[in-house]
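Down below is the structure, laid out as structure tokens.
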Amino acid sequence: MATSILKNKALFLISLVLFILLHSAFNIASDSAEQANSLLKWAATLHNQKYSNRSPWPLLPENSTNPNAKTSPCTWLGLSCNRGGSVVRINLTTSGLNGTLHELSFSAFPDLEFLDLSCNSLSSTIPLEITQLPKLIFLDLSSNQLSGVIPPDIGLLTNLNTLRLSANRLDGSIPSSVGNLTELAWLHLYDNRFSGSIPSEMGNLKNLVELFMDTNLLTGSIPSTFGSLTKLVQLFLYNNQLSGHIPQELGDLKSLTSLSLFGNNLSGPIPASLSGLTSLTILHLYQNQLSGTIPELGNLNSLSNLELSENKLTGSIPASLGNLSRLELLFLKNNQLSGPIPEQIANLSKLSLLQLQSNQLTGYLPQNICQSKVLQNFSVNDNRLEGPIPKSMRDCKSLVRLHLEGNQFIGNISEDFGVYPYLQFVDIRYNKFHGEISSKWGMCPHLSTLLISGNNISGIIPPEIGNAARLQGLDFSSNQLVGRIPKELGKLTSLLRVNLEDNQLSDGVPLEFGSLTDLESLDLSANRFNQSIPGNIENLVKLNYLNLSNNQFSQEIPIQLGKLVHLSKLDLSQNFLIGEIPSELSGMQSLEVLNLSRNNLSGFIPGDLKEMHGLSSIDISYNKLEGPVPDNKAFQNSSIEAFQGNKGLCGHVQGLQPCKPSSTEQGSSIKFHKRLFLVISLPLFGAFLILSFLGVLFFQSKRSKEALEAEKSSQESEEILLITSFDGKSMHDEIIEATDSLNDIYCIGKGGCGSVYKAKLSSGSTVAVKKLHQSHDAWKPYQKEFWSEIRALTEIKHRNIVKFYGFCSYSAYSFLVYECIEKGSLATILRDNEAAKELEWFKRASIIKGVANALSYMHHDCSPPIVHRDISSKNILLDSENEARVSDFGIARILNLDSSHRTALAGTFGYMAPELAYSIVVTEKCDVYSFGVLALEVINGKHPGEIISSISSSSSTRKMLLENIVDLRLPFPSPEVQVELVNILNLAFTCLNSNPQVRPTMEMICHML
């Protein structure tokens, strides 16, 4: 009996357990099916190009044999479930998703812990329902196109450890409920449009390690409650509109390694409490309104980058900065600092960039200022420094850029400077140096700019300067130089600017100057040149500024000047020039300013000058000119002072006598009256003729009208629209003739925007003509913005940028005109084994540096900055000296002016920054990423696809061996070259960081190179 009872109880318990298990299994299956349906419903609303023609779920495996695949999402790619079959993890980063989040039922995922939808193209707002995920730990919606506000109930997600909403279009204020997320360690809100003040409740986030809120529109002050974030390692609040003082409480953040507050309106002093942040490596407070003195920061032993520039700081530079043994960059420029430069600065043995310019510093330079063996940029210009240059400066072999201009330095220029193997830029203008120009400058192999004007330099120009083969800018003006211009300067074929004004140079312009075909500016004024102006000046086809005034040039004005079609200013005044003004000067269609005053010119002013429509200012006073003044706005609008001192000028200018009609004009008047008489005497005969043909005209009138309208339309369609730096109509006709109407036999390449043709012009110069595809041909060429952009691009002048001449639009096509670089693209050369072998390691490093210089110029020296958008080896051209020239710069922008910084023309596959996979916002950092790819390609010899994919962390990149990366077609680099290549590789790896905020700027890259 008892046994029977026990059996019954056992059966009951087993039945109960089975019932519970079955019920649970039913619920699990039900929950799983609900989650699958929710995901499939959401997927149906997405536009996914990456996974088109697949199953309804974007990441469901193709041809899955699992019978539960469509009901159990646990087998779907990107999803993970717990043991109960409930989804706990959704990771769809970089999946090409295009749609919204509003069709995803978040309530169906009560166990969800991890949600990563970053790097897609999701739009619209963040649903309020997302705050109903009680177990959520990780939420990443960064790098999408989300808009609207952060849900105010975000504070309900109390288990969140990571919240990333950066790189979207979110706006509004940051909700105070964020302060409830006390488990939060990583909070990224950068690169949005958040406004309003920072909630003080964020001080409750005591587990926070990273706080990135930079690049927004935040206002108000930095909350003092941030002092409670004691675990914080990185705090980025830069590029906002924050005001008020920097809280003293930030000095309590002892774990902080990076503090970046630049680009705000912060005021008041720099808190002394920051001196306690001994773990700090980066301190960026520049571009604010900070005042007071620099606090003692000598305890920051880990600091490598200190930037306090562009504030209102006063007082002296603390000597304690000399204790910062790891400091590499010290930027204190554009403040109101005074007193001497501390001797202790010389102790900074790792210092590579020192910028102290534009202050009120006084005294001598420290004797051991160049003790650092890695000092590359030394800038103390525009201060009140004096005394001699320290002897250590002669041994500072690492120097790349040297700025001493605008001080009161003294000393013998031939003794104070040495030979610098890496030096590119020297500016020692407007000091009190004496002595003679040293021949040592010609021994600096990388020197591109040498500026020594405004000193007391005497003697001759040493011919050895002609050995500085890379020289682009030369300014020896306002000194006491004598003798001839050495003919050896004619070897400097890279020269762009030469200024020898205000010296005592004599003789003539060397004929060898005709070799300087890249020269854009030449100023030889206020000297004693006494020969004729050489006719081969016509070879300087790129010249836009020519000043030969206040000399003793004689003979006639050479007619060859008329071939300088890019010239905008010509000053030949105060010479002894004779003869007539050549009519050939009318060929200078770009000329704006013409000064021929105070010479011995005679005869009539050529009537052809009236065709110089760009001319805005003229001065022909004090010559022997006579006759009518041309009917040209520059002549007609000039004051009488521009014509006085001549013997017989006349015309419609206030102060000049009107011109008397010539005999020819009088004869024409008589003939006119005769014709008028005939017309009046024969009216009846004319009327009879008209009536006779009235019937015929009636039947043909409609046909004639249509023909006239067709002709008018044809004429309008044939109108040439142009914006160029040359005579556009003439140049257009020359290009069409030279290429046989853009015949394919002249085509030298094809790209995404159009086909490129080579056109050799009658002047002997060769240009590259890019005929645009129809998709890029239907612009709005009358838009003011379009023409402004074209004009801006034609003004860009840089050694490493292909010259852009302009644009021409015709009824059948439109094209862009560039300087022609004969050697072709870097991509083509690297693909050719023999050509690639000629690019030895030094040349490859120079190519990388040249591209970096060009991008730095475009990003930091152009206003507004220019983003290239398509840096790749096919857009890097090499000249005959293997110098890198960046082509197609800014063209993507002018083709899409209406789209601001958002464009589909965002680069070449394999070079595009990863953020462009989910965002159409193009910034300078996109160019930086592309530059990193290009740098690796130059060293590797081919596109570094596998190398890029293997870069997962900074530690892994350091372990990558050089021998696994270098181009095996070349001999393995020497130890000296290895050091340079490793430096380039490290920079390239930082450029490839997936976070654009972490990538360096091109200006920083140039400094490091």
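Note: hydrogens, waters and symmetry copies are ignored here, and every other heavy atom, side chains too, is used. Quick caveat, the model's predicted, so the values are computed rather than measured.
Nearest heavy atom pair, residue V593 against residue L615, reads N-CD1, 4.2 Å. Looking at every heavy atom in both residues, G466 comes nearest to K491 through O-CE, 3.5 Å.
Using a cutoff of 4.0 Å between basic side-chain nitrogens and carboxylate oxygens, R885 and E819 are scored as salt-bridged. With respect to E980 and K849, a salt bridge is recorded, a charged nitrogen being found less than 4.0 Å from a carboxylate O.
Rounded to the nearest 0.5 Å, atoms CG (L561) and CG (L570) are 6.0 Å apart. Rounded to the nearest 0.5 Å, atoms CG (L591) and OG (S617) are 10.0 Å apart. Here the CG atom belonging to D608 is positioned 5.0 Å from the OG atom belonging to S583, to the nearest 0.5 angstrom. Between the OG atom of S554 and the CZ atom of F529 there is a distance of 13.5 Å, given to the nearest 0.5 Å.
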Test side chain to side chain donor-acceptor pair (under 3.5 Å) applied to S586 and E611, step by step: CA-CA 7 Å; S586 62; E611 303 300 329; over 6 Å; no
Step by step, would you call F553 with L577 a side-chain contact (heavy atoms from CB on, under 4.5 Å)? CA-CA 6 Å; F553 285 111; L577 299 171; 4.2 Å; yes
So I618 and N595, side-chain contact (heavy atoms from CB on, under 4.5 Å) or not? Walk me through it. CA-CA 6 Å; I618 61 102; N595 192 344; over 6 Å; no
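The salt bridge (Lys or Arg N to Asp or Glu O under 4.0 Å) analysis of residues 496-519, with sequence neighbours excluded, yields the pairs R484-D507, D518-K542.
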Which side-chain N or O atoms in residues 437-453 pair as donor and acceptor under 3.5 Å with protein atoms at least two apart or in another chain?
| from | atom 1 | to | atom 2 | distance (Å) |
| --- | --- | --- | --- | --- |
| S438 | OG | K440 | N | 3.0 |
| H446 | ND1 | R470 | NH1 | 3.2 |
| S448 | OG | Q424 | O | 2.9 |

